[in-house]
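I have placed the structure first, in the form of structure tokens, so that the comments after it can refer back to it.
Just so it is clear, the values below take in all heavy atoms, side chains as well, and ignore hydrogens, waters and symmetry mates.
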Amino acid sequence: MLDAIYAAYSVEWLRIPPDGAVDLVTEHAIHASQLLLAALPGNHEVRGLASLLLYLHSRDAARLKDGVLVPLDEQDPRLWDHHLIRTAEAILRDGLSGDRPTTPGPYELQAVIQTAHALRSRNGHTPWNTIAQLYDALVQVTPSRGAAVARAAAIGHADSPGTGLSVLDQLIAQDPALATFQPYHATRAALLRLSGAPEELYQVALARAIDLCTHPPSRRYLTCMQRVSE
């Protein structure tokens, strides 16, 4: 049920017209997560999902600009819904207090990661070391490609872009199917740009990310990055 609710909310990222219908689906997903929380307040994963969806939704107004994706680390935190952030923090904090018979699950860990990102609205910087450590824990409980690539990105920010690229190289050596995984190439392009790598390497990774991208706002962002470098 948690996965179904999360999948319903994720329709928001696709922005399939009409927007009103998409917004209705996401609102129902958030409502469902809150109803589940009321029914199962002691379930840490239910609490994690309810918190995670509020964190994600708090950035809705900052996520797009003129139809172009604005990546999280480039968003203006003044546009975030800080009431939703405080609510998400309270939900998560209540679950983290007291005795913990189990280790955190994937939804709770993802919510804690979003808590760390939200700190930028208060102190002006993102605690990448903490986020990288949280992704270390996340890939242990859910070794998905998305989590593994996000971990490489966090390491690239916390340590150095070169270290993040090394992690990506290790990942694709272990899982060649990442060659068709769009986030892998988008992350690789971003880290290559930060590392000051040769322009042709950056362009190859960026072009592959664009070719594999099916999300129009993300594709527009990547295309803009291509034009900037040219």
Quick one: does Leu138's side chain get under 4.5 Å of Pro106's, heavy atoms only? yes

Test side chain to side chain contact (heavy atoms under 4.5 Å, CB included) on Tyr55 and Ile91; report intermediate values, then the result. CA-CA 11 Å; Tyr55 273 123; Ile91 290 171; over 6 Å; no

Ring center gap for His57 and Trp80 short of 6.0 angstrom: no

Between Thr142 and Gln110, is the side chain to side chain contact (heavy atoms under 4.5 Å, CB included) condition met? List the steps. CA-CA 11 Å; Thr142 177; Gln110 289 179 76; 5.7 Å; no

In terms of heavy-atom contacts, does NE2 of His82 have more than 12 from other residues, nucleotides or ligands at under 6.0 Å? yes

After noting the C-alpha distance and the side-chain angles of Ile210 and Arg219, does the key distance pass the side chain to side chain contact (heavy atoms under 4.5 Å, CB included) rule? CA-CA 6 Å; Ile210 293 172; Arg219 188 180 180 88; 3.8 Å; yes

Less than 4.5 Å apart, side chain to side chain, heavy atoms only: is that true for Pro104 and Val112? no

Does some side-chain heavy atom of Arg220 sit less than 4.5 Å from a side-chain heavy atom of Leu69? no

Hey, are Arg208 and Asp211 close enough for a salt bridge, meaning a charged N less than 4.0 Å from a carboxylate O? no

I'd like to check Pro217 versus His215 (side-chain heavy atoms, cut-off strictly below 4.5 Å). Are they in contact? yes

Taking side chain as C-beta onward, heavy atoms only, is Trp128 less than 4.5 Å from His117? yes

Counting N and O atoms only, with roles assigned by atom type, does the side chain of Ser33 sit under 3.5 Å from a partner on the main chain of Ala50, one being a donor and the other an acceptor? no

Is it the case that the side chain of Ser51 and the backbone of Gly48 share a donor-acceptor pair, with hydrogens and angles ignored and the cut-off at 3.5 Å? no

Considering non-hydrogen atoms only, spot the tightest contact between Gln226 and Gln203 and give its length. CG-OE1, 3.7 Å

Just how far is it from atom CG of Leu53 to atom CD of Glu27, taken to the nearest 0.5 Å? 13.0 Å

What is the minimum heavy-atom distance between Ala62 and Asp76, and which atoms define it? CB-O, 4.1 Å

Which heavy atom in Leu168 sits nearest to a heavy atom in Tyr184, and how many Å separate them? O-CE1, 3.6 Å

Do Glu74 and Lys65 come within less than 4.5 Å of each other through their side chains, counting heavy atoms only? no

Walk me through it: do Leu52 and Tyr9 pass the test side chain to side chain contact (heavy atoms under 4.5 Å, CB included)? CA-CA 11 Å; Leu52 174 63; Tyr9 182 83; over 6 Å; no

